[in-house]
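Remember, predicted model here, so these are calculated numbers, not experimental data. All heavy atoms count here, side chains included; hydrogens, waters and symmetry mates do not.
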Amino acid sequence: MQKIIDRFISYVTIDTQSDPNSNSTPSTEKQWVLAHKLTEELKQIGLEDVSIDKNSYIMATLPSNIKKVVPTVGFISHFDTTPDFSGTNVKPRLIHNYDGRDIVLNKENNIVLSPDYFDDLLLYKGQTLIVTDGTTLLGADDKAGITEIMTAMEYLIQHPEIKHGPIRIGFTPDEEIGRGAHKFDVKKFGADWAYTIDGSQIGELEYENFNAAGAKITVIGKSVHPGYAKGKMVNAIGLINELMNLLPNKEVPEQTEGREGFFHINHLRGEIEKAELELIIRDHDRSLFEKRKKLLKDIVNELNVKHGDFFAVEIKDQYFNMREKIEPVFHVVEIAKEAMQVLGIEPIIKPIRGGTDGSQLSYMGLPCPNIFAGGHNFHGKYEYIPVESMQKSVEVIVKICEIVASK
């Protein structure tokens, strides 16, 4: 278990935050630091065909150790961290034999990880937790997945008595800004199917996710001295506020769950002469997803009729529900489920309220369900991961390889 801890800490202490405002791949130069480290480590533990391309996509092979021909299975994780919270100067701390009480992350700033608020902590009493110092995220999303894949491959190399077919490994940049699969070479990867190791709680197994779109609304106003503004001023801030009030007020992230979709305003800026609003549109059901996009367009059209052509809207699809690509090859989910059950892990099969590289890869011809990496509270200072969950993820990866070879 110490090997997993040391490997994980060596990854999370390297800042790999991605940048949605950059047009390069990777979106930040600092991602290259971990990318090169991973490339060398893959070679050191004995994988073959290790490569890193000009965009920092990493691939490697563990050749089959059996004579019969079996499918090639892949395992994929991303090495960037979210731009939503600082990933600079991460200082992970170990909590041994967690007692179920509050964990003071940062005494000076009174930052406390408490089971009174995060009750899933109580699932891990007696285990070893890795937490933050309260000033950064941890980076378990998805450096835990990389740790687990790397450790599983090393274990298979050191235990040749475990029979497995050909295995492909892929590590990607920029997943957190929605571009992790954009330049992934599915043909070069050459797997029949793959698993992203990018889920949360132990047992999670996911093969459906949101359909997703992003929208940008721009309002152009007219600025006139307020003392002489009647019938002349067009306040873009007021108009954008009117649009916001026409959106369904209960269909927002903080009031939805499960397969319920939402509109989420994530950026708003404005002056009298110009206001801009950015939002994301999410729904698991494709027809409801299309209706949401249409509703937004209809609201804009109605406001343009009411006030004049001051509004413009741009909607771009981001990714789609991978379920329709997974269901025709559902045995890939059943294999992961069997692996968990053999290891005494209760599979938690539920829709992802988000997206993964796997959702895009599935539409690129590589069916790719998602498996737990073990972390909780991603993208913030309360992020933590039980080491025992990481170990179980390693075991699941190994067991999947065994099962595929035995079919």
Side-chain angles (χ1 to χ4, degrees), residues 1 4-5 8 12 75-78 81-82 84-85 92 94-95 98 100 103 105 113-132 137-149 151-152 175-176 195-210 253 256-260 284 322 333 335-359 368-400:
M1 197 159 68
I4 290 177
I5 294 171
F8 177 70
V12 300
F75 298 94
I76 299 170
S77 289
H78 64 91
T81 60
T82 180
D84 294 345
F85 205 80
L94 269 67
I95 307 296
Y98 173 57
I103 300 171
L105 300 177
L113 178 61
S114 174
D116 291 340
Y117 193 83
F118 301 108
D119 57 3
D120 46 37
L121 275 165
L122 297 177
L123 297 171
Y124 306 110
K125 288 179 67 174
Q127 297 190 22
T128 298
L129 307 183
I130 304 179
V131 301
T132 76
L137 49 67
L138 181 60
D141 180 11
D142 188 26
K143 292 169 185 175
I146 293 176
T147 300
E148 291 148 8
I149 292 171
T151 305
E175 189 269 356
E176 294 291 1
Y195 302 94
T196 49
I197 311 300
D198 195 18
S200 181
Q201 179 181 348
I202 183 171
E204 283 189 3
L205 173 57
E206 300 150 330
Y207 64 91
E208 55 181 310
N209 58 279
F210 277 137
T256 53
E257 61 184 352
R259 290 183 173 81
E260 297 171 335
H284 283 92
M322 63 180 164
V333 176
I335 287 171
K337 182 179 178 182
E338 179 184 347
M340 291 185 193
Q341 291 172 329
V342 168
L343 294 167
I345 300 168
E346 182 64 32
I348 303 171
I349 299 176
K350 62 179 183 178
I352 305 170
R353 287 183 64 79
T356 70
D357 279 346
S359 61
C368 201
N370 190 44
I371 292 174
F372 71 92
H376 288 261
N377 305 338
F378 294 148
H379 295 195
K381 59 193 172 187
Y382 298 108
E383 186 180 5
Y384 72 92
I385 190 166
V387 177
E388 288 81 354
S389 295
M390 297 174 73
Q391 179 62 49
K392 283 298 183 183
S393 180
V394 172
E395 294 172 14
V396 168
I397 294 168
V398 170
K399 186 58 67 176
I400 287 173

Approximate separation, where rounding is to 0.5 Å, of [X] [atom1] and [Y] [atom2]:
X      : Y      : atom1 : atom2 : value
Leu137 : Thr82  : CG    : OG1   : 7.0 Å
Ile95  : Leu105 : CD1   : CG    : 8.0 Å
Glu206 : Ile371 : CD    : CD1   : 10.0 Å
Lys143 : Met390 : NZ    : CE    : 12.0 Å
Lys350 : Ser200 : NZ    : OG    : 6.5 Å
Asn370 : Ser359 : CG    : OG    : 9.5 Å

Under 3.5 Å, side chain of [X] to main-chain N/O of [Y], donor-acceptor pair present?
X      : Y      : value
Thr132 : Lys381 : yes
Gln201 : Phe372 : no
Arg353 : Gly258 : yes
Thr151 : Glu148 : no
Glu383 : Leu138 : yes
Thr196 : Asp198 : no

Quick one, [X] and [Y] - any side-chain contact, counting heavy atoms below 4.5 Å?
X      : Y      : value
Glu388 : Met1   : yes
Val387 : Phe8   : no
Leu113 : Leu129 : no
Tyr124 : Ser389 : yes
Ile352 : Met322 : yes
Asp142 : Phe378 : no
Asn209 : Thr356 : no
Ile76  : Ile197 : no

His376 vs Tyr384 aromatic rings, parallel, tilted or perpendicular, using cut-offs 30° and 60°?
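Parallel: the ring planes of His376 and Tyr384 meet at under 30°.
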Closest approach of [X] to [Y] (non-hydrogen atoms, all atoms of both residues):
X      : Y      : value
Pro369 : Val333 : CG-CG2, 4.0 Å
Gly203 : Met340 : O-SD, 3.6 Å
Ala373 : Gly145 : CB-N, 4.0 Å
Ala140 : Ile385 : CB-CD1, 4.2 Å
Ser114 : Leu121 : C-CD1, 3.7 Å
Thr81  : Gly139 : CG2-CA, 4.0 Å

Among Glu346, Lys392, Gln391, which residue satisfies the side chain to side chain contact (heavy atoms under 4.5 Å, CB included) criterion with Ile202?
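Among the candidates, only Lys392 passes.
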Within the supplied structure, the quantity of interest is the number of heavy atoms (other residues, nucleotides, ligands) at a distance under 6.0 Å from Phe118 CZ; does it exceed 12?
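Check passes, neighbour count above 12.
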